[in-house]
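Data first, discussion second: the structure below is written as structure tokens.
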Amino acid sequence: MEKRFIYADNAATTAVSDEVLSAMLPHFTKAYGNASSIYKLGRDAQADVEKAREKVAVALGADPKEIFFTSCGSESDNWAIKGTAEMMSKKGKKHIVTSVFEHHAVLHTCEYLEKHGFEVTYVPVDEKGLIDSENVRNAIREDTALVTIMYANNEIGTIQPIEEIAKICHEKKVLFHTDAVQAVGHVEIDVKKQGIDMLSLSGHKIHAQKGIGALYVRKGIVLPNLIHGGGQERGKRAGTENVPAIVGLGRAIEIACSNIVEKADIVTPKRNRLIDGILKLPYTRLNGDRDKRLPGNLNISIEGIEGESLLLMLDLNGICASSGSACTSGSLDPSHVLLSIGLKHEVAHGSLRLSIEEDITDEDVDYILEVIPKVVERLREMSPVWEKMMNGEEVK
Amino acid sequence: MEKRFIYADNAATTAVSDEVLSAMLPHFTKAYGNASSIYKLGRDAQADVEKAREKVAVALGADPKEIFFTSCGSESDNWAIKGTAEMMSKKGKKHIVTSVFEHHAVLHTCEYLEKHGFEVTYVPVDEKGLIDSENVRNAIREDTALVTIMYANNEIGTIQPIEEIAKICHEKKVLFHTDAVQAVGHVEIDVKKQGIDMLSLSGHKIHAQKGIGALYVRKGIVLPNLIHGGGQERGKRAGTENVPAIVGLGRAIEIACSNIVEKADIVTPKRNRLIDGILKLPYTRLNGDRDKRLPGNLNISIEGIEGESLLLMLDLNGICASSGSACTSGSLDPSHVLLSIGLKHEVAHGSLRLSIEEDITDEDVDYILEVIPKVVERLREMSPVWEKMMNGEEVK
Amino acid sequence: MMYSEKVLDHFSNPRNVGEIDDADGVGEIGNAKCGDIMKMYLKIDKGIITDAKFKTFGCGAAVATSSMATELIKGKSIDDALKLTNDAVVEALDGLPAVKVHCSVLAEQAVRAALSDYYTRQGIDPLPIVGEIKEPEE
Amino acid sequence: MMYSEKVLDHFSNPRNVGEIDDADGVGEIGNAKCGDIMKMYLKIDKGIITDAKFKTFGCGAAVATSSMATELIKGKSIDDALKLTNDAVVEALDGLPAVKVHCSVLAEQAVRAALSDYYTRQGIDPLPIVGEIKEPEE
Ligand SMILES: Cc1ncc(COP(=O)(O)O)c(C=O)c1O
Ligand SMILES: Cc1ncc(COP(=O)(O)O)c(C=O)c1O
């Protein structure tokens, strides 16, 4: 078996594609004007920023005036949530509804607000990683300022009933934000049809640069700034516009959203082959609903081994994968997402996330399916936990 | 006179230099790993981020642990000021000292805090654009949480007595932040020697990408987050690290700070020739102290004409220049900086900022000095204000 | 903020810059404090504007709208000139950035001010014909 | 978080993985809930550790520190093995990320647990010699 290099961690980040890079390149050294400058070099930069804004708007079914560029998905989440909190607290609304398995950009922002006089209800998810919209309905109170529920989970890839939740929010006259960082480019989104009030996205998950994101804010919502200063982004987000990254995001989202169905048709069967192949190993389970999930995501718990060593072993075999979210690696706690769907700590520690895209070949799939059993075997052989399991002893 | 292209607006933004771009390039399409990922592609990205952090630290005389990457100078300013405000308000300190002619990233942040229960004292500047440190001393109160004074002004380039101010702050046991976005790479900075507690900088003013910045936070100061989420930047600033831009910033600051004195020796005489040449025009004045200013900055008021048309005319002649700050172009008010040094509105409207670097040639200077008088003459000819001035009538 | 090609053209090559020494009506509007002053000169013959010139202190949009306004009224009757709206000027320039729309109002008012002056010189009270001239707010 | 080359080497090619069937002392430390369990097997002859093996469930650092700890005590006297500190393990690995230092403590304690077991089997109360074994906090 010849060693291959397979990047199967597209949910963590993606390479900037050649097409995106070539759209960006002129803006570093030639078309480098400040988009706020009055001379042609500046005006051209501004025109390019506006073209990119248009592309983001088209991809979401929004109006360009509703798109604001930010520095990342995390900033978008922080802005939407803290901004709404600031705005609504003036009306005495100091309650937020979210879910237990949001990304930390949402969770830690909610925790911050809890320290500043807000109450937060964390709606549970079921064992398949899905949110029941009725739970959202029941969580909404008179003083609810915002409901924020992620579109697709970053670890287990499950897709939430966003349109249903949005509908409930509108019935209850509560604003609805969704962290769609993992969804954009992979599922079809239409903010108007789906009734989404605010939506966060991030460029580096769809082959644009890291450090660029956007927030869609429905017309009529006057969100206070998170970052004050110059008049950029119609006065709503200060900081000299990151023209190359913005242009790149425009191109990337255009490409990513141009063939969502076709990509899913290619990726899903390969993803399923990986799932079925890995599940042949004893003591494994698929995390998250098998169907209501992102086409390229699989997340499997493999008992008796620990995730980080699994990843390091896979890396030695040329496979880039993840366990829990990249942002929290370095943390010792098992993934809050896996705990939220009912996994025991020791099982949650041994989970594997692969996030693939349409460029993965059948040979790559074969290779992964050859490597994983070997690596798992090796790790289980040296695992005292596996030994206990095999001896029928209790694992504490 | 042959038409030239001269970019004389480096205070607005700079081109990414070839050296910086080539340091960045591998990180878009090849070394694209998420710096939080455990596999080699991720670890390498993290190592590169840490190397860049080291370079920023070296340039400022700081420890790498004291450097946090942000998305821009504005974010750094917002974070330092709002973070300190949050931290100190718990101790009942709800007063901030700043100056009247800060960048909007500072001023608007202060205004935001005023709406949220803070008091702000805006220290005046003298007619030369300098702050008297005694005024800062007198403004400090028992409940002062922070003094934030810019290192060098972005419009008129004047350099403030930062070390003196820092000393006063320390005597009074008040934290001191400086917006050094315009100073870094142009004047020698040593945060330890100068006693600076926090310092904001921005990449795109020193030939790195737009949309990358840093905040120096002295060890011991536990600044609350502005952006919550993943564990990046030691948990202090969430968002997947913008590896290419960070690497670029590291390289850019290394280059920019390697020959500050030499650059100043080259630029200053050229800048002075421009000043003297333009001041030959009647009814002109230099704004800001002639000596205590950034080597590449000149700011001259030219009566009888309006700044924007001047810039557009210069643009037609291939010269990129500015009037007031780029961030506020589109605004109708004359620059708050020029008003702060005592200019009348009608004079402030007609100001020209050139910000040059060491690559400007003598021929470029000749060219600028040929173009400006022609353009000014043309605009004055069509100006009813100039007509009145020439007729000795009052200009209202 | 973005200027159309038309605006940039009328800024770079403004039509009708200058004064008319023996103008029949001269109007000035705006103030230097706000950053815009327009002065409009009209030559009028038998109710027809035979020539129009302007001098302007102001931004690119101020110059362009002055230029366009003079173009739009030259050769027109006074009645038609009085019907000139700032919207018409904006439209003729393929639009103006929102922050610059006030320049087109200045241009419209400058024309009216010049016509007002014309009537005054004729010994006719301009108010019923031209209406109040709106100075920009500070 | 960054692993040194040494850590990665000891993870990729862990020394002394496995069990010793006729071990003279076996110690286990940690729990699966926290994500780390180390089991250490020692062969001891006349006060000298003639062989050491381990099994570990845990992260890269857990494997690497187990590997390094066995290397550091093999061929040493019990007395020397009892002097093994987690710092020594960390140092031998060219450092560990702060969040992973607890793994080196586990490795140190696993050695002590195995020695404790050795004394117990010898009918000697290990407590005065080896001291208390510290289980990691949950
Ligand atoms: C003094 C000063 N502070 C802050 C900023 C804001 O920097 P950025 O555009 O990177 O947000 C600028 C430049 O725009 C500046 O000149
Ligand atoms: C669901 C989700 N939200 C937010 C983020 C944060 O995005 P960024 O890294 O651009 O800040 C991520 C990815 O890291 C994500 O997967």
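The sequence lines fix the lettering, A, B, ..., with proteins before strands; numbering per chain opens at 1.
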Problem - Among A:Leu107, A:Leu226, A:Leu316, A:Val243, residue most engaged with chain B (heavy-atom pairs, under 4.5 Å) - result: A:Leu226

Handout entry: Residues in side-chain hydrogen bond (donor to acceptor under 3.5 Å, both in side chains) contact with A:Glu111, at least two apart in sequence or another chain
Key = none

Practice task
Begin with the C-alpha distance, continue with both residues' side-chain angles, and end with the deciding distance and a verdict on side-chain hydrogen bond (donor to acceptor under 3.5 Å, both in side chains) for A:Thr70 and A:Ser76.
Solution key: CA-CA 6 Å; A:Thr70 66; A:Ser76 296; 2.9 Å; yes

Exercise for the section: Pick whichever of B:Ile227, B:Leu41, B:Leu25 has the most heavy-atom pairs under 4.5 Å with chain A. Expected result: B:Ile227

Practice task
Sort out for me which of A:Ala15, A:Ser71, A:Ser202 touches chain B most, counting heavy-atom pairs under 4.5 Å.
Solution key: A:Ala15

Problem - Top contributor to chain B contacts, counting heavy-atom pairs under 4.5 Å, from A:Gly235, A:Ala321, A:Gly213 - result: A:Ala321

Problem - Pairs of heavy atoms under 4.5 Å with chain B: top-ranked of A:Gln209, A:Lys40, A:His116, A:His108 - result: A:Gln209

Practice task
Quick one: sort the B:Tyr7 and A:Tyr32 rings into parallel, tilted or perpendicular, breaks at 30° and 60°.
Solution key: perpendicular

Exercise for the section: Considering only heavy atoms and a distance below 4.5 Å, find which of A:Gly211, A:Cys320, A:Gly239 pairs most often with chain B. Expected result: A:Cys320

Practice task
Name the region of B:Asn78, side chain, backbone, both or neither, that has any atom closer than 4.5 Å to a heavy atom of chain A.
Solution key: side chain

Handout entry: Contacting moiety of B:Glu75, where chain A heavy atoms sit under 4.5 Å
Key = both

Practice task
Test B:Ser200 against B:Asp77 for side-chain hydrogen bond (donor to acceptor under 3.5 Å, both in side chains), laying out the working first.
Solution key: CA-CA 6 Å; B:Ser200 301; B:Asp77 286 339; 2.7 Å; yes

Exercise for the section: Under 4.5 Å, counting heavy-atom pairs only, tell me which of A:Leu311, A:Leu21, A:Asp18 racks up the most with chain B. Expected result: A:Leu21

Problem - Pairing of B:Arg251 and B:Glu19 as salt bridge, 4.0 angstrom limit - result: yes

Completion exercise
Among B:His27, B:Arg237, B:Met24, B:His207, the residue with the most heavy-atom pairs under 4.5 Å to chain A is B:Arg237

Exercise for the section: Measure from NZ or CZ of B:Lys236 to the centre of the six-membered ring of B:Phe68 and say whether it is under 6.0 Å with the direction within 45° of the ring axis. Expected result: no

Exercise for the section: Check whether B:Ile246 gets within reach of chain A through its side chain, its backbone, both or neither, counting any heavy atom under 4.5 Å. Expected result: neither

Practice task
Determine yes or no for a side-chain-to-main-chain donor-acceptor pair under 3.5 angstrom, with A:His104 supplying the side chain and A:Ser74 the backbone.
Solution key: no

Problem - Heavy-atom contact with chain A under 4.5 Å, split by part of B:Phe69 - result: neither

Problem - Aromatic ring pairing A:His228/B:Tyr112, orientation class (parallel under 30°, perpendicular over 60°, tilted between) - result: tilted

Handout entry: Proximity breakdown for A:Thr14 and chain B, heavy-atom pairs closer than 4.5 Å
Key = backbone

Practice task
Report the C-alpha distance between A:Thr13 and A:Lys205 in whole Å, list the side-chain angles of each, state the deciding distance to 0.1 Å, and finish with yes or no for side-chain contact (heavy atoms from CB on, under 4.5 Å).
Solution key: CA-CA 5 Å; A:Thr13 194; A:Lys205 311 287 187 185; 5.7 Å; no

Exercise for the section: Please flag which part of A:Lys30 lies under 4.5 Å from any non-hydrogen atom of chain B: side chain, backbone, both or neither. Expected result: neither

